[in-house]
Amino acid sequence: MPALVLLGAQWGDEGKGKATDLLGGSVDYVVRYQGGNNAGHTVVVGDQKYALHLLPSGILSPGCTPVIGNGVVVDPAVLLSELSGLAERGVDTSKLLISGNAHLITPYHTTLDKVSERFLGKRKIGTTGRGIGPAYADKINRVGIRVQDLFDESILRQKVEAALDSKNQVLAKLYNRRAIAVDQVVEELLGYADQLSGYVADTTLVLNNAIDQGQVVLFEGGQGTLLDVDHGTYPFVTSSNPTAGGACTGTGVGPTKISCVIGILKAYTTRVGAGPFPTELLDEDGEKLRTIGGERGVTTGRDRRCGWFDAVIARYATRVNGLTDFFLTKLDVLTGWERIPVCVAYEIDGKRVEELPYSQTDFHHATPIYETLPGWSEDITQAKTFDDLPKNAQKYVQALEEMSGAPISAIGVGPGRDETIQINSFL
Ligand code: GDP
Ligand code: IMO
Ligand code: MG
């Protein structure tokens with residue numbers, strides 16, 4: 001099993017951090033392939049809780065080499081503070097590798113993210129304000145700054161000049177903001193060079209060599225399928241490809257090396273920020289899911305929007321990612337509901353629709369068609385095997401599996417590493 005991809009099947013926050021950490025002990029490398037510190041992954045190890053934003057969750061497994069791939073956007077200040085925070089807690093971060101081709105998030109990206117959201121007013125995306133969109137825009141526009149540029153002052157200066165030329169016009173004339181000085185940015189970036197140089201590597205070469213030697217590589221997605229810039233609910237998406245193909249472009253490992261694609265799937269649905277969400281609950285049930293599930297953002301502290309499970313989305317995630325397995329998380333949060341509605345299809349303009357509509361207009365008009373499943377009241381957090389689950393919880397999992405198009409190979413019954421029912425091994 002040379003390479004596995006682990007990704008979010010919904011709108012992010014499915015529990016990817018916990019699932020990655022769980023597998024971290026059995027793999028050699030854990031690699032982030034896209035996104036940046038817009039991600040917030042909570043990992044609970046024993047009585048310790050870690051909030052990771054940029055670093056792969058494998059950093060908490062001592063035998064594992066964490067890698068930041070070329071597809072990630074790196075805010076160097078955030079990276080260094082995350083590293084020192086972990087070091088203070090006794091976590092060994094020395095094995096980290098960072099691709100020299102990864103792009104940097106600079107202070108002007110963060111500024112532009114915030115002012116452009118403000119400018120959009122009612123039409124805003126509800127971004128995390130971390131500069132993600134502007135950094136990827138510069139990458140595609142070929143005016144981005146890469147990690148390797150930190151080590152050549154003359155090139156760095158030329159690139160920052162080129163990037164700020166037009167941005168300063170936009171900042172001053174469109175957003176009524178002060179221009180940003182080239183010297184100030186160059187100086188700040190150069191200040192990170194020495195601290196980062198020891199981590200920078202040709203990660204594509206390292207990872208392909210590792211796979212050739214029979215080592216196991218796990219690609220950890222940030223965000224989720226419906227936040228993908230190509231396959232998500234555009235324009236209410238992030239600016240990268242969390243879907244499985246992103247693992248290849250974001251690391252330089254070819255698709256023929258990937259044998260397993262695991263979709264992390266919450267037993268209900270959440271979303272942060274703006275955009276359509278057919279099963280959203282604006283009532284007591286939504287509030288109850290938010291409270292019991294602790295659905296508050298790790299990155300921005302915003303309340304997550306909550307709703308029932310949506311099988312149309314799960315099927316879509318299976319399709320666009322070629323999922324081989326699901327890891328169902330947070331089943332324990334549903335304990336105590338007498339009946340649990342599950343969205344099996346949508347009604348759009350009077351018609352029943354089984355697949356996610358490709359048209360934004362149709363998706364905005366979709367109302368869920370629910371099937372209601374019987375709930376359970378027994379505490380399931382101690383369950384170690386599928387048979388330990390109450391009958392109705394078993395039926396809920398089986399129903400979701402039938403609707404979603406891939407086997408559910410693991411079930412989360414609590415935030416801790418051990419609070420997992422493993423049905424099939426991924427390795
Ligand atoms: P990520 O962004 O996909 O890594 O997910 P987050 O960490 O943002 O949000 C998931 C939250 O659910 C975290 O607080 C996890 O500790 C927690 N969590 C993960 N799996 C489970 C589970 O099976 N049960 C419960 N109760 N909490 C879980
Ligand atoms: P993890 O990895 C949930 C959302 C933002 C916003 C949209 C665009 O923890 O699952 P961006 O700052 O990326 O330009 O914002 O994407 N978003 C997330 N929602 N979980 C995340 O990451 C997210 N990262 C971005 O709320 O709607
Ligand atoms: Mg998260």
Side-chain angles (χ1 to χ4, degrees), residues 6-22 32 34-45 48-54 56-57 72-73 75 105 109-110 112-114 116-117 124-137 220-229 232-240 242 263-277 289-290 292-305 327-335 379-381 383 410-421:
L6 186 158
L7 53 81
Q10 294 148 322
W11 276 288
D13 302 325
E14 299 89 349
K16 298 177 292 293
K18 174 196 154 164
T20 302
D21 170 65
L22 185 69
R32 277 284 304 269
Q34 48 66 238
N37 58 305
N38 47 349
H41 301 169
T42 304
V43 181
V44 180
V45 186
Q48 293 289 307
K49 191 167 168 179
Y50 299 89
L52 302 170
H53 296 283
L54 188 53
S57 305
V72 175
V73 284
D75 184 326
I105 300 178
H109 294 124
T110 321
L112 279 168
D113 195 356
K114 289 178 183 151
S116 61
E117 278 279 278
K124 72 176 181 190
I125 309 290
T127 72
T128 58
R130 300 298 191 264
I132 307 295
Y136 277 115
E220 178 191 16
Q223 292 74 53
T225 300
L226 273 294
L227 286 173
D228 185 284
V229 69
T233 47
Y234 191 91
F236 301 102
V237 294
T238 193
S239 300
S240 68
I264 311 303
L265 187 67
K266 209 179 271 192
Y268 49 97
T269 315
T270 62
R271 169 162 211 175
V272 193
F277 180 178
L289 283 173
R290 184 155 40 246
I292 301 175
E295 298 297 352
R296 204 143 283 124
V298 187
T299 299
T300 57
R302 286 182 288 179
D303 275 356
R304 293 174 183 157
R305 300 158 65 191
F327 188 138
L328 187 70
T329 60
K330 304 191 94 160
L331 186 64
D332 54 299
V333 174
L334 293 179
T335 299
D379 176 20
I380 63 168
T381 55
I411 304 167
V413 292
R417 241 184 218 176
D418 304 333
E419 290 170 309
T420 307
I421 298 172

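Ligands are counted one by one from 1 in listed order, and the atoms in each one are counted from 1 as well.
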Would you confirm whether [X], through its side chain, and [Y], through its main-chain N or O, come within 3.5 Å as a donor-acceptor pair?
X	Y	answer
Q34	G222	yes
T20	E220	no
T269	K266	no
H41	L52	no
E14	G224	no
Y136	G35	yes
R302	G126	yes
K18	G416	yes

Go through the side-chain N and O atoms of D113 and T127 and say whether any donor and acceptor fall under 3.5 Å apart. yes

Write out the residue and atom name of the closest protein heavy atom to [atom], then the distance separating them to 0.1 Å.
atom	answer
atom 26 (N) of ligand 1	D332 OD2, 2.6 Å
atom 22 (C) of ligand 1	G414 O, 3.2 Å
atom 10 (C) of ligand 1	D13 O, 3.8 Å
atom 12 (O) of ligand 1	K330 NZ, 2.9 Å
atom 6 (P) of ligand 1	G40 O, 3.6 Å
atom 1 (P) of ligand 1	K16 N, 3.5 Å
atom 19 (C) of ligand 1	K18 CD, 3.9 Å
atom 18 (N) of ligand 1	P415 CA, 4.0 Å

Chi angles and distances behind the side-chain contact (heavy atoms from CB on, under 4.5 Å) call for T299, N37: CA-CA 8 Å; T299 299; N37 58 305; over 6 Å; no

Closest non-hydrogen atom pair, [X] against [Y]:
X	Y	answer
A267	L334	O-CD1, 3.6 Å
P276	F236	CD-CD1, 3.9 Å
V237	V229	CG2-CA, 3.9 Å
F327	G412	CE2-N, 3.9 Å

Are any of the N or O atoms of [X] closer than 3.5 Å to those of ligand 1?
X	value
R304	yes
G15	yes
T329	no

Residue and atom, protein N/O/S, under 2.8 Å of the Mg ion (ligand 3): D13 OD1, G40 O

Assess the residue pair R130 and T300 against the criterion (side-chain contact (heavy atoms from CB on, under 4.5 Å)); give the C-alpha distance rounded to whole Å, side-chain angles, the decisive distance to 0.1 Å, and a yes or no. CA-CA 10 Å; R130 300 298 191 264; T300 57; 4.3 Å; yes

Tell me which part of V413 gets within contact of ligand 1: side chain, backbone, both or neither, using heavy atoms under 4.0 Å. backbone

Can you list the atoms of ligand 1 that are under 4.0 Å from a heavy atom of G412? 23 (O)

Just jot down the ligand 1 atoms closer than 4.0 angstrom to any heavy atom of H41, in number order. 1 (P), 2 (O), 4 (O), 7 (O)

Set out, in order, the CA-CA distance, both residues' side-chain angles and the distance that settles salt bridge (charged side-chain N to carboxylate O under 4.0 Å, His left out) for E295 and K330, then state yes or no. CA-CA 11 Å; E295 298 297 352; K330 304 191 94 160; 2.9 Å; yes

Note every protein N or O atom lying under 3.5 Å from an N or O atom of ligand 2, pairing the names and giving the distance.
unit_1, atom_1, unit_2, atom_2, d
ligand 2, 2 (O), H41, NE2, 2.8
ligand 2, 2 (O), Q223, N, 2.8
ligand 2, 9 (O), D13, OD1, 3.0
ligand 2, 9 (O), G40, N, 2.9
ligand 2, 9 (O), G40, O, 3.1
ligand 2, 10 (O), D13, N, 2.8
ligand 2, 10 (O), D13, OD1, 3.4
ligand 2, 10 (O), K16, NZ, 2.7
ligand 2, 12 (O), T128, N, 2.9
ligand 2, 12 (O), T128, OG1, 2.6
ligand 2, 13 (O), N38, ND2, 2.8
ligand 2, 13 (O), T238, OG1, 2.6
ligand 2, 20 (N), D13, OD1, 3.2
ligand 2, 20 (N), D13, OD2, 3.4
ligand 2, 22 (O), Q223, NE2, 3.4
ligand 2, 24 (N), Q223, NE2, 3.1
ligand 2, 26 (O), G126, O, 3.4
ligand 2, 26 (O), V272, O, 3.2
ligand 2, 26 (O), R302, NH2, 3.0
ligand 2, 27 (O), V272, O, 3.0

Which one of G17, G12, S57 has a non-hydrogen atom at the shortest distance from atom 4 (O) of ligand 1? G17

Can you figure out which of T42, L22, D21, T20 has its heavy atom closest to atom 7 (O) of ligand 1? T42

For L6 and I264, what are the C-alpha separation, side-chain angles and deciding distance, and is it a side-chain contact (heavy atoms from CB on, under 4.5 Å)? CA-CA 7 Å; L6 186 158; I264 311 303; 3.5 Å; yes

